[in-house]
Amino acid sequence: MKRALLSVWNKENIVELARFLIKNDFEIISTGGTKQILLDHNVNVTSISHVTKSEEIMNGRVKTLHPKIFGGILADHTNENHLKDLNSINSKIIDLVVVNLYPFEDMASNKNMGLNKLIEYIDVGGPSMLRAAAKNYKDVAVITSSNQYDELINEIKKKKGSTSLQFREKMSSEAF
């Protein structure tokens with residue numbers, strides 16, 4: 001079974017995407033608000049905390065920054081040492097990362113928001129996961145916007161449950 005990590009600020013169409021992925025043999029792992037909306041719509045989802053065996057800490061500031069997550073994203077699927085390392089920490093490969101970031105720029109333009117509140121919109125885990133997935137484009141597809149969901153769905157249909165290297169390269173180049 002393939003694994004998809006879904007952690008999005010903009011929840012538009014995330015339920016539909018998750019349902020499609022499950023129908024195509026993906027396990028969904030997710031965080032906080034994304035996980036909750038999937039659960040609210042009866043979508044089977046595994047919590048990041050279940051994967052890491054660690055609860056999120058610091059009011060949600062630290063939840064995905066964990067070797068079991070980043071190892072799963074960064075593992076070269078053809079490198080036996082990477083696969084042994086994953087096995088040694090009881091982790092698995094992550095094949096798809098769907099992340100869109102907190103709208104920091106939009107929030108920064110809000111003159112009524114104080115610095116202490118604004119600073120919470122600086123996303124740390126999201127950009128880290130995007131960069132890790134883009135770095136490992138040969139094995140991991142990265143999606144950064146709900147506008148890309150249809151393209152992902154069409155690719156998975158065309159490739160019978162998978163994505164092509166060409167698709168992964170394209171999506172990685174668009175990640176930044």
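Any value given below was found using the heavy atoms of this structure, including those in side chains, with hydrogens, waters and symmetry copies removed. Counting from 1, the numbers follow the sequence of the chain as shown.
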**Message:** I'd like to know if the side chain of N79 reaches the main chain of H82, judged simply by a donor and an acceptor atom lying under 3.5 Å from each other, with no hydrogens or angles considered.
**Reply:** yes
**Request:** Starting from the C-alpha separation in whole Å, work towards a yes-or-no answer on side chain to side chain contact (heavy atoms under 4.5 Å, CB included) for F70 and L65.
**Result:** CA-CA 7 Å; F70 280 86; L65 297 169; 3.8 Å; yes
**Prompt:** Would you say the side-chain atoms of R168 pair up with the backbone N or O of A141, donor to acceptor, closer than 3.5 Å?
**Reply:** no
**Prompt:** Any idea which heavy atoms bring I89 and P67 closest together, and the distance?
**Reply:** CD1-O, 3.7 Å
**Prompt:** So with a 6.0 Å cut-off around CZ of R131, is the heavy-atom count from everything else above 12?
**Reply:** no
**Backbone N/O of F26 and side chain of R3: donor-acceptor pair under 3.5 Å** = no
**Asked** About how many Å separate CD of E16 and CG of L21, when rounded to the nearest 0.5 Å?
**Response** 11.5 Å
**Asked** Can you tell me how far the CG atom of L83 sits from the OG atom of S91, to the nearest 0.5 Å?
**Response** 11.0 Å
**Request:** Check L86 against K92 and note the closest heavy-atom contact, atom names and distance.
**Result:** CD1-C, 3.9 Å
**Request:** State the CG-CD1 distance between N136 and I94, to the nearest 0.5 angstrom.
**Result:** 11.0 Å
**Asked** Just checking, is any N or O donor in the side chain of E155 or S164 under 3.5 Å from an acceptor N or O on the other one?
**Response** yes
**Message:** Just checking K53: does its NZ atom have more than 12 heavy atoms from other residues, nucleotides or ligands closer to it than 6.0 angstrom?
**Reply:** yes
**Complete:** Heavy atoms of K2 and G161 approach each other most closely as CE-O, 2.7 Å
**Request:** Look at atom NE2 of H50 and say whether more than 12 heavy atoms of other residues, nucleotides or ligands are closer to it than 6.0 Å.
**Result:** no
**Prompt:** Of the non-hydrogen atoms in L6 and T34, which two are nearest, and what is the gap between them?
**Reply:** O-CG2, 3.6 Å
**Asked** Do L101 and P127 have side-chain heavy atoms sitting under 4.5 Å apart?
**Response** yes
**Request:** Any chance you could measure I22, atom CD1, to I28, atom CD1, to the nearest 0.5 Å?
**Result:** 5.0 Å
**Item:** Atom of A134, atom of S172 and distance for their closest heavy-atom approach
**Value:** CA-OG, 3.6 Å
**Item:** Shared hydrophobic cluster for L39 and V43 (ILVMFWY, side-chain gaps under 4.5 Å)
**Value:** yes
**Message:** As a quick check of understanding, evaluate side chain to side chain contact (heavy atoms under 4.5 Å, CB included) for T144 and V99, giving each step before the final call.
**Reply:** CA-CA 5 Å; T144 59; V99 172; over 6 Å; no
**Item:** Note, V98 side chain near L5 side chain (heavy atom, < 4.5 Å)
**Value:** no
**Prompt:** Does I69 reach the side chain of I48, with side-chain heavy atoms less than 4.5 Å apart?
**Reply:** yes
**Item:** Pair T64-M129, side chain to side chain contact (heavy atoms under 4.5 Å, CB included): steps then yes or no
**Value:** CA-CA 8 Å; T64 58; M129 288 186 290; 3.8 Å; yes
**Request:** Check for a donor-acceptor pair, side chain of N154 on one end and backbone N or O of D150 on the other, with a separation under 3.5 Å.
**Result:** yes
**Asked** What are the two closest heavy atoms between I37 and I14, and how far apart are they?
**Response** CG2-CG2, 4.0 Å
**Request:** For N24 and F20, indicate whether the former's side chain and the latter's backbone hold a donor-acceptor pair under 3.5 Å.
**Result:** yes
**Request:** Name all pairs fulfilling the side chain to side chain donor-acceptor pair (under 3.5 Å) condition that reach into residues 39-48, sequence neighbours left out, sorted by first residue then second.
**Result:** E27-T46, Q36-D40
**Message:** Please determine whether a side-chain nitrogen of the Lys or Arg among K170 and E151 lies less than 4.0 Å from a carboxylate oxygen of the Asp or Glu.
**Reply:** yes
**Prompt:** Does any N or O in the side chain of E174 come within less than 3.5 Å of the main-chain N or O of M171, such that one atom is a donor and the other an acceptor?
**Reply:** no
**Fill in**
Interatomic distance, NE2@H66 vs OG@S54, rounded to 0.5 Å, equals 4.0 Å
**Prompt:** Is there a path of hydrophobic side-chain contacts, each under 4.5 Å between heavy atoms of I, L, V, M, F, W or Y residues, that connects L38 with I153?
**Reply:** yes
**Request:** May I ask you to check whether over 12 heavy atoms, not counting those of M58, lie within 6.0 Å of atom CE?
**Result:** no
**Request:** Output all residues satisfying side-chain contact (heavy atoms from CB on, under 4.5 Å) with S146, sequence neighbours left out; order by chain, then residue number.
**Result:** N10, E12, Y149
**Asked** Per the side-chain contact (heavy atoms from CB on, under 4.5 Å) rule, which among V97, I93, L74, T163 passes with V140?
**Response** V97
**Message:** Given 3.5 Å as the limit, does a donor-acceptor pair link the side chain of N100 with the main chain of V8, or not?
**Reply:** no
**Request:** Could you go through the side chain to side chain contact (heavy atoms under 4.5 Å, CB included) check for D139 and D95 one step at a time?
**Result:** CA-CA 7 Å; D139 294 313; D95 303 283; over 6 Å; no
